[in-house]
Each structure stands twice: as structure tokens, then as C-alpha cells.
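Note that ligands are numbered from 1 as they come in the structure, with each ligand's atoms numbered from 1 the same way.
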Amino acid sequence: MDKLAIVVPCYNEEEVLKLASEALRGVLEDLVRKEKIAPDSFVMFVNDGSRDRTWELIEEEHAAHPSRISGVKLAGNVGHQFALTAGLLTAKDMSDVVISIDADLQDDVNVIEEMVDKFHAGNDIVYGVRKERKTDTLFKRTTAQAFYKIMGIMGVKTVYNHADFRLMSKRAVEEFSKYKETNLFLRGMMPLIGYRTDCVYYDRKERAAGESKYPLKKMLALAFNGISSFSVKPISLILGVGMLIIFVSALALIYALISYFTGHVVPGWTSLILSIWFLGGLQLLAVGLVGQYIGKIYIEVKQRPRYNIEKVIAAEETGDEENRKGRDELEEGCV
Ligand code: UDP
Ligand code: MG
């Protein structure tokens with residue numbers, strides 16, 4: 001049976017930690033009873049340099065439930081995406097399948113069973129997807145929607161309305177560990193891994209307790225990181241605008257010449273206006289062109305895996321002993 005690890009990043013979560021521990025332990029007990037996961041499955045709390053009593057509470061939970069609760073203490077605050085990565089990479093060596101979930105119980109723990117079922121049905125990644133955003137403010141809803149739209153236009157593959165609540169098989173985490181980049185945007189990276197994937201749908205609830213650790217500033221930073229880490233399209237955009245302006249300068253040339261010959265212009269205007277348009281366009285074009293190279297360097301520097309081989313079917317050897325012997329001898333003779 002597969003051993004499940006539930007990874008929970010925690011930053012100043014003293015108010016919800018006990019609640020989260022209780023809820024997740026409940027889910028584990030239930031799944032163990034139904035024989036869907038191994039009896040030694042566990043929860044791993046990752047303390048992301050909290051300034052409150054979060055780590056003490058994790059230690060207390062571990063003391064009370066040593067076989068169910070484990071903890072990872074990061075030396076300082078590194079942010080949600082890094083904390084989660086630390087947890088995933090630590091947990092993968094101790095388990096067969098991992099699920100990541102926030103500490104605040106906004107994601108529905110009751111769909112974990114469905115995730116595990118879909119894993120058993122042969123999926124390597126199962127995304128938790130919110131059905132609707134009833135509990136979010138209008139502002140958060142519209143900005144989030146705009147974000148997914150822009151990501152799509154920029155050519156970044158993401159799962160719509162999926163945050164970081166997901167199941168990953170050991171081999172999926174193994175593949176993920178080959179991505180060495182530092183600008184992490186996990187939900188953009190997962191679709192690059194490949195394998196069979198599926199989704200489960202749930203209603204996102206209000207935070208169980210405490211406050212959001214993602215103020216607008218952090219949200220915008222994450223959004224910008226998501227685009228800039230996955231797309232060099234903004235650079236192509238500069239190139240495009242440069243070309244457009246050069247084209248416009250050609251039109252301006254015609255217009256300026258006509259005006260010049262019909263005699264409606266102040267002396268010096270023609271040469272001035274043409275220079276402005278043409279040089280502006282030329283500069284943008286040049287910047288865009290240089291940018292194309294920088295974009296390529298950027299992609300090279302990431303050193304992402306270029307492919308992920310899922311399976312190889314090797315051609316079987318034929319029983320043509322005679323032939324092979326002859327070949328072996330030949331090879332020996334060549335050395
Ligand atoms: N978190 C973290 N480090 C941080 C900020 C947040 O580990 O620097 C964790 C936090 O404890 C929670 C998860 O990331 O488990 C998501 O944060 P939050 O629920 O505050 O974000 P929101 O749901 O409001 O977007
Ligand atoms: Mg939350």
C-alpha cells in the first residue's frame with residue numbers, strides 16, 4: 001500500500017495549527033481504515049520561519065501523535081513557494097505519494113480521498129480546483145481571473161483556479177526536483193512534468209482562523225514572477241512595437257513629404273518629425289532584438305529538463321546466437 005505524506009507550509013499559523021492537525025489526522029485515520037493508504041502515512045508541517053508559537057505547537061503535536069505528525073523547521077522565512085518545495089523534497093524520500101495543502105483549511109480536506117482514488121486510478125498529479133470563488137472579495141476574484149487570462153495570453157500553461165493544493169506521485173516529485181530554478185512558481189511548473197493528470201473540484205472556504213499571509217504586495221509579486229519565470233513574450237512584444245513604429249514612420253514619411261510639397265509646413269518640421277518616428281522605432285527594434293538574446297540566455301540558464309521519459313519499450317534480442325558470436329569476435333579484433 002502507498003504511504004501518503006501531507007505537506008503543510010506554515011507561517012505564523014499558531015491559531016490554526018491544532019485545527020489543521022486534527023482535521024488532517026482525521027483524514028489519514030479514515031483513509032488508513034479504508035485501506036487506501038499505508039498505516040504509517042503522516043502529516044509534515046513545514047515551519048517557514050514563523051515569529052509566533054507555530055514551531056512549539058508542531059513539536060507539541062508531534063509529541064502527542066508521534067507516528068502521524070512530523071515537522072520540518074526552516075531556519076528563516078523563505079516564503080510559501082520555497083517552504084512548500086522544502087517540504088515536498090523532504091517528504092518524497094519518506095513516502096510514495098504527497099499532497100500539499102495550506103495550513104488554514106481553506107482547501108477542502110474531504111476531497112483528499114478523491115485525490116487518492118484518482119492516484120490509484122493511474123494519475124501522477126491530481127490538481128485541486130476551486131469550483132467558484134464565492135468567499136473571495138470581488139477584487140480578489142477579478143484580479144485572479146485577469147491573472148489567469150494574462151498567463152494564457154503569455155503562453156504559460158496553468159490549471160485554471162488551481163492554487164497549491166495537489167497530489168503528486170513520488171516519481172512526479174522526483175522529476176520536479178530536477179527543476180533547479182530559484183524563481184519558483186510551482187503551479188506553472190507542474191504541467192511541464194507531464195504524466196497523466198486529473199482534477200478534483202471543491203468549494204474554497206474562509207480561513208479557519210488567523211489572517212491571510214498573502215497581502216496584495218505578495219500576490220502581485222507572485223503574479224509577476226509567474227509570468228516572468230515562464231514567458232519571454234514581453235520581450236517579443238517590444239520587438240513587435242518597434243517594428244510597428246518603423247512602419248508608422250514610413251507612413252509619416254509619405255505624409256510629411258506631401259505636406260512639404262504642398263507647402264503647409266514650418267521650415268525644419270519635416271526632418272524633425274521623420275527623425276523622431278524613425279529613431280524611436282529603430283531604438284525599440286534594437287532593444288527588442290537584444291532582448292531576444294537575453295530571453296534565450298534566460299531560458300538556457302534555467303537548465304530545465306528538456307524531456308521526461310515515462311517508459312521505454314526495448315526491442316527484444318533475437319536468439320540469433322551464431323550471428324552475435326561472429327559480431328563479438330569482429331569487435332574484439334578491432335580493439
Ligand atoms: N505561508 C508560508 N510562508 C509565507 C507565507 C505563507 O509558508 O511566507 C503559508 C501559510 O502559512 C499558508 C499558505 O502559505 O499555509 C498560504 O497562505 P495564506 O493562506 O495566508 O494565503 P491566501 O490563502 O490568503 O492566499
Ligand atoms: Mg489561505
Side-chain angles (χ1 to χ4, degrees), residues 5-24 27 43-58 61 69-91 98-109 111-112 127-148 151 158-166 182-188 190 202-226:
I6 301 182
V7 176
V8 192
C10 310
Y11 176 60
N12 294 348
E13 298 286 12
E14 59 181 9
E15 279 147 297
V16 288
L17 201 105
K18 296 252 169 184
L19 290 174
S21 168
E22 202 181 308
L24 293 172
V27 170
V43 178
M44 177 181 279
F45 287 108
V46 182
N47 178 37
D48 183 18
S50 300
R51 292 169 206 280
D52 63 0
R53 293 189 61 249
T54 300
W55 180 247
E56 283 77 23
L57 292 178
I58 293 172
E61 283 298 299
I69 304 292
S70 67
V72 170
K73 187 184 186 189
L74 299 179
N77 178 249
V78 291
H80 176 221
Q81 301 284 294
F82 289 119
L84 186 51
T85 304
L88 290 175
L89 298 188
T90 311
V98 296
I99 290 177
S100 55
I101 187 169
D102 290 350
D104 56 9
L105 300 176
Q106 281 192 285
D107 304 318
D108 189 358
V109 295
V111 298
I112 289 181
Y127 297 101
V129 176
R130 299 180 213 178
K131 269 190 228 146
E132 48 195 320
R133 293 171 162 261
K134 263 188 289 190
T135 56
D136 281 343
T137 57
L138 183 70
F139 177 73
K140 187 146 185 171
R141 213 161 40 209
T142 38
T143 47
Q145 252 147 21
F147 170 62
Y148 287 109
M151 291 290 273
T158 47
V159 179
Y160 186 67
N161 262 351
H162 158 72
D164 282 310
F165 180 30
R166 80 178 81 78
T182 309
N183 289 293
L184 287 182
F185 183 67
L186 297 179
R187 61 194 95 153
M190 298 308 157
Y202 66 98
D203 285 315
R204 190 158 154 110
K205 290 179 262 191
E206 303 266 10
R207 218 173 206 283
E211 278 166 13
S212 171
K213 310 296 180 290
Y214 259 102
L216 184 64
K217 208 174 117 199
K218 267 199 209 171
M219 238 168 67
L220 286 176
L222 184 76
F224 182 70
N225 197 12

Item to check | Ion pair E15/R207, N-O distance below 4.0 Å | outcome: no
Next on the checklist: Please determine whether a side-chain nitrogen of the Lys or Arg among R130 and D203 lies less than 4.0 Å from a carboxylate oxygen of the Asp or Glu.
Outcome noted: no
What residue and heavy atom of the protein are closest to [atom], and at what distance?
| atom | result |
| --- | --- |
| atom 9 (C) of ligand 1 | P9 O, 3.8 Å |
| atom 14 (O) of ligand 1 | H80 CD2, 3.1 Å |
| atom 22 (P) of ligand 1 | S212 OG, 3.8 Å |
| atom 6 (C) of ligand 1 | K213 CB, 3.6 Å |
| atom 1 (N) of ligand 1 | Y11 CB, 3.7 Å |
| atom 19 (O) of ligand 1 | D104 OD2, 2.5 Å |
| atom 25 (O) of ligand 1 | K140 NZ, 3.5 Å |
| atom 17 (O) of ligand 1 | Y214 CD1, 3.8 Å |

Which bit of [X] gets closer than 4.0 Å to ligand 1, counting heavy atoms only: side chain, backbone, both or neither?
| X | result |
| --- | --- |
| K218 | side chain |
| R204 | side chain |
| E13 | side chain |
| N77 | side chain |
| D48 | side chain |
| C10 | backbone |

Checklist entry - Purely on distance, is any nitrogen or oxygen of A83 under 3.5 Å from one on ligand 1? => result no
Next on the checklist: Under 3.5 Å between any N/O of E211 and any N/O of ligand 1: does that happen in this structure?
Outcome noted: no
Checklist entry - Do the side chain of S70 and the main chain of V43 share a donor and acceptor less than 3.5 angstrom apart? => result yes
Checklist entry - At a 4.0 Å threshold, what atoms of ligand 1 neighbour a non-hydrogen atom of A103? => result 15 (O)
Item to check | Close-contact set for ligand 1 against R207 heavy atoms, below 4.0 Å | outcome: 18 (P), 19 (O), 20 (O)
Checklist entry - Can you name the one residue among V46, D102, T54 that meets side-chain contact (heavy atoms from CB on, under 4.5 Å) with C10? => result T54
Next on the checklist: the Mg ion (ligand 2) and Q106: any N/O/S contact shorter than 2.8 Å?
Outcome noted: yes
Checklist entry - Does D104 bring an N, O or S atom to under 2.8 Å of the Mg ion (ligand 2)? => result yes
Any [X] side-chain heavy atom under 4.5 Å of [Y] side chain:
| X | Y | answer |
| --- | --- | --- |
| L186 | T85 | yes |
| L216 | F139 | yes |
| F185 | T158 | yes |

Item to check | Shortest non-hydrogen contact from Y148 toward V159 | outcome: CE2-O, 3.9 Å
Item to check | Shortest non-hydrogen separation from L184 to F82 and the atoms involved | outcome: CD1-CD2, 3.5 Å
Checklist entry - Would Y202 and D107 count as having a side-chain donor-acceptor pair, cut-off 3.5 Å? => result yes
Checklist entry - For residues N12 and E211, is any side-chain donor paired with an opposing acceptor at under 3.5 Å? => result no
Checklist entry - Would you say Y160 has more than 12 foreign heavy atoms packed within less than 6.0 Å of its OH? => result yes
